[in-house]
Amino acid sequence: MSDWYWIFGNLKWNSLVFFHAFESPSASEEIAAGAALMVILGGLWLVWLLTVKGWWRPLWRDWLTSPDHKKIGIMYVVVALVMLARAVAEAVVMRLQQAVAVNDPGFLSADHFGQLFSTHGTIMIFFMAMPFLTGVINYVMPQQIGARDVSFPVMNAVSLALTTAGAVLVMVSLVFGQFETGGWTAYPPYTGIRFSPGEGVDYWIWAVSLSSIGTTLSGINFAVTIYKERAPGMTLMRMPLFTWTTLCTAILMIFAMIPLTAATAMLALDRYAGFHFFTTDKGGDMMNYANLFWLFGHPEVYILILPAFGVFSEVIPVFSGKRLYGYTSLVWATMAIAVLSFTVWLHHFFTMGQSANLNAVFGFATMTIGVPTGVKVYDWMLTMYRGRLRFTTAMLFSVMFLVTFVVGGITGVMLANPTVDFATHNTLFLVAHFHNMLIPGLLFGMIAAMQFWFPKAFGFRLDERWGKISFWCWSIGFYVAFMPLYALGLMGAMRRSFEWYQPEFLPYLVVAAGGALLILCGLIALFVQLWVSVKHRDQLRVPAGDPWDAHSLEWMSAAPAPEWNFAVIPEVHGREAFLEAKRDGTAYLPPERYEDIHLPAHSAMAPLIGVGALALGFGLTWHIWWMVAAGFIGIWAVVIARSFVTDTGHVIPADVVQREHERWLELVRNTPAVDRGVEQQSENLGHAEAVI
């Protein structure tokens with residue numbers, strides 16, 4: 001052990017990815033070095049931009065230390081979009097490798113390809129999908145139930161900090177060392193210390209652990225908020241469907257993340273302390289890991305899908321000009337899915353040796369969960385039936401979801417049959433099914449949410465032209481990229497393969513690579529849409545706050561919403577509270593009196609905990625024990641210091657609230673109401689003409 005070990009642990013010069021590119025240059029190493037360089041240059045550019053623009057102080061004062069659920073939600077979405085960009089880029093590289101590696105080694109090494117599919121899956125599940133849906137929930141749900149904030153605002157910020165620390169760890173793995181190669185599930189014994197002695201698995205363990213703790217805290221926060229903070233008159237059966245799906249998602253978060261945290265902790269003890277939870281020849285059992293992981297993993301599928309179902313339940317009625325059909329059946333279907341999601345985890349390892357009887361039970365349960373999902377699909381279609389459909393970008397993504405998700409659901413019912421699953425489980429057929437559910441089910445839902453609620457968050461609409469370009473690239477790209485994988489899977493093409501010896505696979509692989517490039521174009525178009533919209537925000541502004549003739553309470557305020565959300569907490573008299581208020585003429589009436597509003601004060605606790613968690617995770621990954629101690633002590637020092645803070649809030653005087661609210665009411669009165677036919681034009685200033 002060298003003297004430098006006590007300072008740098010296992011971190012050495014050759015841990016830098018650039019070292020290998022110079023020592024043994026190859027296309028694979030140069031791609032890895034290029035990715036690391038992009039991360040470094042991106043970080044330097046961000047520092048330069050913040051410095052030149054003088055944004056450091058407002059970033060810290062107004063965002064990083066803010067307990068406002070709306071700002072926290074926006075920051076979650078920013079993290080998700082950054083991680084989505086990396087994950088899509090990795091997917092394109094993998095597809096190109098597979099397309100050229102037919103009777104040819106291609107341009108990636110096997111180890112590098114293993115890292116790519118491991119980081120791609122880890123990012124898409126834990127650091128794209130989870131932050132995206134958590135951000136949308138954070139922004140929308142408190143306003144939908146007429147609340148001023150979530151129940152635990154500072155804990156909400158801590159959840160964001162922990163998730164961001166995990167995401168940063170994954171990004172750092174591009175520069176220092178390498179990520180694990182055992183897939184996003186990280187099954188032992190391959191990920192044990194014997195077969196994977198390097199830092200890659202440790203990066204995965206600590207990044208995922210930080211994310212899972214943050215998600216558990218979010219689940220607690222969301223559930224308590226919905227139970228305790230609803231506006232007067234908002235009974236459970238008057239809540240918007242998005243809030244219902246959020247409640248079920250929150251419950252799943254609370255109970256499903258615990259097995260994952262336990263599994264990663266046990267794997268860490270195996271690797272760091274010589275435990276043998278998953279080592280068969282030492283009395284352990286790898287199947288314990290599989291059961292723990294999928295006790296999390298299948299509810300996780302519905303943690304991802306249910307919020308998107310809630311988004312579609314908001315978007316489809318609004319852009320159909322109708323009330324939501326089958327509200328009660330949708331609520332019961334949502335609850336049924338949440339319960340059944342805990343009964344099907346074993347179908348993820350039908351091929352691992354359990355009895356046929358046990359497989360049959362879980363196969364039956366898996367088919368059963370398709371019933372409430374089918375109820376939802378029919379209710380959404382009946383909502384659109386004879387409606388006045390307006391095909392905005394959000395609505396297009398919703399309609400494409402309906403078509404594509406049904407295709408994925410049919411293949412899911414096929415895989416629920418253990419005999420079919422046994423033949424296709426380790427093939428590209430399963431990869432196609434998994435993506436067939438999560439891309440339209442989760443990603444299309446979150447993109448639709450971004451299109452739908454963006455004007456609420458920022459006061460201007462997104463550019464529809466670029467939104468539709470993005471939609472067509474995403475949609476066509478999805479079919480071109482993943483439909484060939486179904487055929488390849490039935491032909492016997494195994495997943496996670498980086499080289500092939502069957503020339504008949506080549507046409508399908510080339511088509512799939514073309515689809516991946518189209519998806520990349522869709523992502524680029526999405527970012528161009530953001531840039532164009534910001535540039536032309538004066539022509540797209542909707543200050544009156546209701547550009548779509550929306551139905552629920554979050555639209556019953558200015559755009560963007562004030563820090564306090566509502567001047568006076570509204571009283572709810574029906575399921576579609578804002579729509580009903582517009583119809584009876586009470587939506588824009590001033591309240592009888594205004595009161596002082598108490599809001600939580602800004603706090604540096606969350607970002608400091610995030611820095612400590614990042615130091616802790618990086619130190620544990622590289623065995624830099626002084627950094628581990630500093631991170632651990634720093635986190636608890638911040639928590640203890642916070643416990644001595646007595647002034648944890650600030651008051652917005654009633655006259656300030658009254659002045660802002662009356663200014664907005666005057667703006668609404670002076671803004672002409674526009675018909676739905678011109679809602680995508682500059683005449684739409686956020687005062688929609690009610691048509692229901």
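Numbers here simply count residues along the sequence, with the first being 1.
- Without hydrogens or angle criteria, W500 side chain to Q98 main chain gives a donor-acceptor distance under 3.5 Å.
- Residue L292 holds its CG atom at 10.5 Å from OG1 of T261, rounded to the nearest 0.5 Å.
- Taking a 6.0 Å sphere around CZ of F527, one finds it holds more than 12 heavy atoms contributed by other residues, nucleotides or ligands.
- A distance of 6.0 Å or more separates the ring centres of F632 and W625.
- The distance from the CZ atom of F179 to the OG1 atom of T621 is 9.5 Å, given to the nearest 0.5 Å.
- The six-membered or imidazole ring of F454 lies near that of F458, with a centre-to-centre distance under 6.0 Å.
- A ring-centre distance under 6.0 Å is found for F471 and F397.
- With rounding to the nearest 0.5 angstrom, the CG atom of L442 is 10.5 Å from the CZ atom of F401.
- With a 4.5 Å cut-off on side-chain heavy atoms, V301 and M437 do not count as touching.
- With a 4.5 Å cut-off on side-chain heavy atoms, V431 and F434 do not count as touching.
- Atoms NE2 and CG, on H536 and D463 in that order, are 8.0 Å from each other to the nearest 0.5 Å.
- Two residues are said to be in side-chain contact when any heavy atoms from C-beta on lie closer than 4.5 Å; M627 and L620 fail this criterion.
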How far apart are the C-alpha atoms of T134 and S218, what are their side-chain angles, what is the distance that settles it, and do they pass the side-chain hydrogen bond (donor to acceptor under 3.5 Å, both in side chains) test? CA-CA 8 Å; T134 306; S218 291; 5.2 Å; no
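- Taking the six-membered ring for Trp, H623 and Y272 have ring centres closer than 6.0 Å.
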Is there a side chain to side chain contact (heavy atoms under 4.5 Å, CB included) between S28 and H112 once you walk through the steps? CA-CA 7 Å; S28 189; H112 192 181; 2.7 Å; yes
